[in-house]
Amino acid sequence: MTDEVDVDVVIVGAGAGGSAAAWSLSKSGLRVLILESGPFYDPSRDYQTNTQQWEHNSFPHKSPGPAPYSFAPMQRLNPKWQHLRSWDKVRGLMTGNQQRRFGWRYHHVRGVGGSTLAFSGEAHRMNPDGMNMLSRYGVAADWPVSYDDLAPYYQQAEYQMGVSGPAKLALSQQPSNYLPAHKISYATSKLAQGCEKLGWEWQANPVAILSKSREGRPACNYCGQCNRGCPRRDKGSADLAFINPAMTTGRCRIKTGCQVRRILTGKNDRVRAVEYTDESQQLHTLKTSILILAAGAVQTPRLLLLSNSSASPEGLANESGQVGRNFMETLFWNSCALHPERLDSFRGVPSDGICWDFSNAQKTDDYIGGFRLSSGTLEAELGGPIAYATRLVPGWGAPHKEMMKNYYGHALCVGAVGESLPDDRSYIDLDPEKKDAQGDPVPRIHSHLADMELRRLAAMAKRCRKLLVAAGADTLLEEYGSYDVFSATHVFGTCRMGTDPEHSVTNAFGQSHRWNNLFIADASLFPSSGSGESPSLTIAALAIRQSHYIQQLIKAREW
Amino acid sequence: MAIKRRLLLQLSCIFGLATVLPSRLRWSSSKKDLNALIDTLIPNIDASAVSEALLLQFSTNKYQAKIYNRGISWLDQQSMKKFQNYFSLLTPEQRTLLLKQAENATENSIPYELFHRAHKDSLKIFYGSKQGWDFVSYYGPPQPLGYPGHDLPPDASDAKTLTLENDI
């Protein structure tokens, strides 16, 4: 069935990038249609953190659930890194006696708003120093866009998302336009004190969570459960920040339940249409004059690889051979300990405090690239009593009960997220065996952590533990990280942008080097991962910048 | 006509009960055992409330019910063998002894499966309930009130009672 829809731009995916592009384009007068494979979420109906059962459920994924993918066999574990194994007081080693790294989960949400529906709101700008890793240290690739180029788009995205944070931008020290920072929780104040003792700087983390009510949305009430979805609408997820205002222009439409399966090409190096199946599995062909892919760093390369043809036998836009390559993941560590004082650490904004002291892109004797530290108790989902009872407190009977009484509310955790450098052994390809509901190969994740990654991870673990001790915590209860478990929300790099068509998939505006009406607007563009900066804000800023570029092209009649 | 309606009602009650009774009856003989098991895992709580929640789960999870059925039979056999009494009538110390045996039994054996499932289930039910929350002084759920006093020490007088200004 060929759809007769009169739109200027078709966008695939309604996450941070697709939503921001839709908002910016529709605001400028262009007509936009978004094809989203997931459903809409209704915050007040779908997010149930107000019931006795709240802790039994994580984010309430609606049908069809997360998009299917698979893992290639992971690397063997090396006893040299035994101190980086994931463990807790109840289960011991989380992956038991496994000899290989365990592919646990690529965390994402399929739906309007994408993974921002479940994010904790971190809204970071890139560290300018981390955008030139190739020219500085000979690793990853340089960004073809500078921090200053991005700055005005960051500002727009920050306003739309409702970012609250410190008066000065963390890394550039320029004044910010944030809403006032949230007060840090009582538990996080212990980490701030610990940092002070160590001579490290601790500050409020910029988050897309309203500290003041605005435009009909209330301020945060510090329930700490952003990852289960925000029923109050104070968190600036992409559906609220971009889709709702885009819809009010009257020029943005969304079709949910639509799985795009192929991109069809035409003459003169242009894409001409997309093929997609709707909720009833009916196949449609939709013509478009401009196509933006925003399905994330796993699904976007998959769609390009699926769209191979005689004109692009290695996959669409893959003239450089870089589609799917340079896969970078979330290099993370989390240490949790018992604080002698009851802190009621289940309260507050999940990642309300942050230390950037180690995040400057750096070269030490051990590794290249930095990391950040942040409050991690609620990110570790240590909010309710069930988590304590099943993860932190071992045993049973009277001793367990007594310990529960003494432990609950005392957990204090520090999380670290670090640079993830590209590696030839980390990439996305098409699984030769596993297929999705439509019979198409699912994306397969290949992930390998080189020794330098593990040395950086070891430094992250060491700093987390040091900060916990300085904060007065005394007994470690749980630690986990990337060494033995693949568990990533932030993934990057699989359609990297760059100036050289030989080594990159798109130019600095996310436009395919060859297919000039094909754009990409998600984290697959990132030439490097950053050293702990959460990517949502940068994805949105890049998408807004891209949409301005598209408007200029249209005005210049280059279309 | 009225008699017929009453008869119809009685019949529907009988048949209605017939569909409910088997699972309930299956447990009526061992409900005391289930209570005793839970009371050993988490002593001095309202174990019957946890049992009721478990029975509800059994009605939709036959596999779980089977593990408990077989496991509790094993407990009764062991308690008869060792203490010449039903599990539910043993002293707390005797019950603890038997549960330790189950905890350390061979992986995938009936007692092992019972212990580890019952342990996890009872913790999740108890610490997800009002009585568990009260026990650890947790004042949830997270919404709709949130924790506006999140920056204050827990023992501050208004830490738990603060509400958000200008809430809409």
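Every chain is numbered from 1, with letters handed out A, B, ... down the list of sequences. None of these values were measured; they are calculated from a predicted model.
Within the 3.5 Å criterion, the main-chain N or O of B:His150 finds no donor-acceptor partner in the side chain of A:Asp344. Of the possible donor and acceptor atoms, none in the side chain of A:Arg342 sits under 3.5 Å from a partner among the backbone N and O of B:Asp155. Under a 3.5 Å cut-off, the side chain of A:His400 and the backbone N or O of B:Leu41 do not form any donor-acceptor pair. Using modelled atom types, one side-chain atom of A:Lys405 and one backbone atom of B:Phe135 make a donor-acceptor pair closer than 3.5 Å.
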Step by step, would you call A:Lys401 with B:Ile45 a side-chain contact (heavy atoms from CB on, under 4.5 Å)? CA-CA 10 Å; A:Lys401 201 174 163 208; B:Ile45 62 166; 3.9 Å; yes

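Both the backbone and the side chain of A:Gln52 come within less than 4.5 Å of a heavy atom in chain B. With a 4.5 Å cut-off on non-hydrogen atoms, A:Ser189 does not touch chain B at all. Neither the backbone nor the side chain of A:His182 has a heavy atom closer than 4.5 Å to any heavy atom of chain B. Looking at B:Asp39, there are no atoms closer than 4.5 Å to chain A (heavy atoms on both sides), in backbone or side chain. With a threshold of 4.5 angstrom between heavy atoms, A:Thr188 does not approach chain B through any atom at all. With a 4.5 Å cut-off on non-hydrogen atoms, A:Tyr408 touches chain B through its side chain but not through its backbone.
Ring orientation note: the planes of B:Tyr138 and A:Phe346 are nearly perpendicular, at an angle over 60° on the 30°/60° scale.
Between A:His56 atom NE2 and B:Ile125 atom CD1 the span is 7.5 Å, to the nearest 0.5 Å. Interatomic distance, A:Ile184 CD1 to B:Asp151 CG, rounded to the nearest 0.5 Å: 9.0 Å. To the nearest 0.5 Å, the span separating CD on B:Gln143 from CD on A:Gln48 amounts to 11.0 Å.
Taking the side chain as every heavy atom from C-beta outward, B:Phe126 and A:Met404 never approach each other to under 4.5 Å. A:Arg347 places none of its side-chain heavy atoms less than 4.5 Å from the side chain of B:Pro142.
Heavy-atom proximity under 4.5 angstrom to chain A picks out B:Thr96 from residues 86-97 of chain B.
Among the candidates B:Gly140, B:Ser122, B:Ser137, the residue making the largest number of heavy-atom pairs closer than 4.5 Å to chain A is B:Ser137. Heavy-atom pairs under 4.5 Å with chain A peak, among B:Gly149, B:Ala156, B:Gly132, B:Gly146, at B:Gly146. Of the residues considered (A:Leu343, A:Thr390, A:Val349), A:Leu343 shows the highest number of contacts with chain B, using heavy-atom pairs under 4.5 Å.
The closest side-chain donor-acceptor pair between A:Trp396 and B:Glu103 falls under 3.5 angstrom.
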